[in-house]
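Order of listing sets the numbers, starting from 1, for every ligand and every atom in it.
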Amino acid sequence: MSVAKKEYKRITTKSLVEMKSNGEKISMLTAYDYSMAKIVDGAGIDAILVGDSASNVMAGHETTLPITLDQMIYHAASVVRAVERSLVVVDLPFGSYQSDPKEALRSAIRIMKESGAHAVKLEGGKEIKDSIKRILHAGIPVMGHLGLTPQSIYKFGTYTVRAKEEEEAEKLKSDALMLQKIGCFAVVLEKVPAKLAKEVAQSLSIPVIGIGAGNGVDGQVLVVHDMLGMTHEFHPRFLRRYLDLYSEMTRAFENYHQDVKTGDFPSEKEQY
Ligand code: KIV
């Protein structure tokens, strides 16, 4: 089905909801720094997620748990400085919202005030309903995140597909409805069966953005390092690689190394 696309000068949370109702798919990528965000934004990607996956791909941690609120704000502010069009959504990191709604609100306010981002994302359903409501009441847009929620990796034990069993699928569906009802503008579904994700997307009026959730949802998000092929040891089934930057960069670094060692770089033209 071909869809006439509306031109957006600046993407807002409302634009994403409008895209869903117009049948236009939403593109989202992560970014954590100024230079990458400038390219992602310039390429016309609708939304940028300053994900807590920065803990993995930027800082080299095994999980997303160690990254701090201060570190997320640093990444988010760098991204915001680069962006002219995309909507910038920032993850509330582990430990910054789980203990009580007041703490959640304080963390969300710090992100919005100190980075200039446009929205926050929190992992979880009913367990964090009061925190999400508190943030929404302060006028801060919230994106939900259900399915595989990496901040709970030690509860799950593995990064395998979630909600394959009926009970977990039912909870996910009711959490998604609840997130819409209290006022979230979108929900990320991570690593869940495509059939379930499609059903959830069809039951909601707010957009469902999938990662490893199939093609029946309203948009897709990928970690930028993964889709560029920089994390070459990471190859889940859902990932499409658009470049092999690991090999390209390795070749460039080897060539530079060689040119420096042989004295080929810099040439006469490359000096003053
Ligand atoms: O942190 C992140 O990059 C995310 C995406 C995987 C959705 O939450």
Side-chain angles (χ1 to χ4, degrees), residues 16 25-33 36-37 40 45-69 71-76 78-79 86-98 107-108 111 115 117 119-125 128 132 141-153 156 158-163 172 175-176 179 184-192 197 200-201 206-214 217-228 230-231 234-241:
L16 299 192
K25 296 267 187 178
I26 297 161
S27 62
M28 187 175 202
L29 282 175
T30 67
Y32 319 96
D33 67 274
M36 186 71 85
V40 172
I45 298 299
D46 297 316
I48 294 182
L49 173 64
V50 184
D52 58 0
S53 49
S55 180
N56 310 107
V57 296
M58 299 300 287
H61 293 297
E62 205 176 307
T63 71
T64 57
L65 276 67
I67 200 160
T68 65
L69 185 58
Q71 288 164 341
M72 287 303 296
I73 290 170
Y74 168 79
H75 287 298
S78 308
V79 166
S86 305
L87 180 82
V88 179
V89 184
V90 182
D91 266 336
L92 281 188
F94 178 70
S96 73
Y97 62 96
Q98 288 89 348
S107 302
I111 286 182
S115 77
V120 297
K121 174 163 84 60
L122 285 76
E123 293 183 6
I128 56 159
I132 296 176
V142 175
M143 177 179 267
H145 183 155
L146 301 171
L148 177 66
T149 47
Q151 291 179 13
S152 306
I153 185 58
F156 296 145
T158 77
Y159 286 102
T160 53
V161 180
R162 304 302 313 173
L172 188 145
D175 279 343
L179 291 174
C184 290
F185 71 92
V187 183
V188 165
L189 284 190
E190 180 166 355
K191 254 189 156 180
V192 298
V200 172
I206 58 170
V208 172
I209 315 280
I211 173 164
V217 291
D218 308 302
Q220 300 293 329
V221 57
L222 286 176
V223 170
V224 74
H225 291 66
D226 297 339
M227 63 87 76
L228 292 176
M230 294 171 83
T231 50
F234 182 63
H235 33 74
R237 176 167 161 174
F238 69 78
L239 176 62
R240 183 178 294 182
R241 288 217 177 93

| message | Can you tell me which portion of Val223 lies within the under-4.0 Å heavy-atom range of ligand 1? Options are side chain, backbone, both, or neither. | response | side chain
| said: When you measure from the side chain of Ser107 to the backbone of Ser96, do you find a donor-acceptor pair of N or O atoms at a distance under 3.5 Å? | reply: yes
| query | What residue and heavy atom of the protein are closest to atom 4 (C) of ligand 1, and at what distance? | reply | Leu49 CD2, 3.5 Å
| request: In sequence, state the C-alpha distance, the side-chain angles, and the governing distance for Phe185 and Leu87, and then conclude on side chain to side chain contact (heavy atoms under 4.5 Å, CB included). | output: CA-CA 12 Å; Phe185 71 92; Leu87 180 82; 3.9 Å; yes
| request: Could you tell me whether ligand 1 has any atom less than 4.0 Å away from a heavy atom of Glu123? | output: no
| field | By salt bridge (charged side-chain N to carboxylate O under 4.0 Å, His left out) - contacts of Asp52 (at least two apart) | value | none
| note | among protein heavy atoms, the one nearest atom 8 (O) of ligand 1 is Lys121 NZ, 2.9 Å
| request: Just jot down the ligand 1 atoms closer than 4.0 angstrom to any heavy atom of Asp91, in number order. | output: 1 (O), 2 (C), 8 (O)
| Which class fits the ring pair Tyr32 and His225: parallel under 30°, tilted 30 to 60°, perpendicular over 60°? | tilted
| task | Indicate whether the side chain of Thr231 and that of Asp226 have a donor and an acceptor atom separated by less than 3.5 Å. | result | yes
| field | Distance from atom 2 (C) of ligand 1 to nearest protein heavy atom, with residue and atom | value | Ser53 OG, 3.3 Å
| said: What verdict does the side chain to side chain contact (heavy atoms under 4.5 Å, CB included) test give for Ile111 and Ile73, after you've listed the backbone C-alpha separation in whole Å, the side-chain angles of each residue and the deciding distance to 0.1 Å? | reply: CA-CA 6 Å; Ile111 286 182; Ile73 290 170; 4.0 Å; yes
| request: Just jot down the side chain to side chain contact (heavy atoms under 4.5 Å, CB included) partners of Ala186, sequence neighbours excluded, or say none. | output: Met143, Pro207
| Applying a 4.0 Å heavy-atom criterion (strictly less than), which segment of Asp52 is in contact with ligand 1: side chain, backbone, both, or neither? | both
| message | Show me which atoms of ligand 1 lie under 4.0 Å from any heavy atom of Ile211. | response | 6 (C)
| Just which atoms of ligand 1 are under 4.0 Å from any heavy atom in Thr30? | 3 (O)
| message | Within ligand 1, which atoms have a heavy atom of Gly51 less than 4.0 Å away? | response | 1 (O), 2 (C), 3 (O)
